[in-house]
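Working notes, structure below.
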Amino acid sequence: MPIVVDIDVMLARRKMSVGELADRVGITPANLAVLKNGRAKAVRFATLAALCEVLECQPGDLLRWEAEDAAGE
């Protein structure tokens with residue numbers, strides 16, 4: 001998938017654990033792990049906004065697009 005999730009990067013910058021982030025955002029650690037590992041099919045804007053509020057960042061700090069390898073298509 002060409003959308004890369006960089007929650008790990010922001011967690012490291014904020015010195016925050018996955019469990020703490022999940023608690024503060026109001027989602028389960030399992031659902032946060034699905035999002036963090038790039039296995040999510042969708043993200044609610046409310047969840048994205050909550051992540052940005054807690055991590056004090058912009059959506060572009062958490063999500064980025066990478067071109068897929070042409071050989072892999």
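Because the structure is a prediction, the values reported are computed rather than measured.
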To the nearest 0.5 Å, tell me how far K36 NZ sits from L21 CG. 10.0 Å
Grouping I, L, V, M, F, W and Y whenever their side-chain heavy atoms are under 4.5 Å apart, do V43 and L11 come out in a common cluster? yes
Side-chain donor-acceptor contacts of residues 47-60 below 3.5 Å, not counting sequence neighbours, with atom names and distances?
none

CD1 on I3 to CG on L62, rounded to 0.5 Å: 12.5 Å
Other residues, nucleotides and ligands only: do more than 12 of their heavy atoms fall within 6.0 Å of CZ on R39? yes
Just wondering, are more than 12 heavy atoms of other shown residues or ligands nearer than 6.0 Å to CZ in R13? no
Closest contact, heavy atoms only, L32 versus V18: CD2-O, 3.4 Å
Please round to the nearest 0.5 Å and tell me the distance separating atom CG of L63 and atom CD1 of I7. 7.5 Å
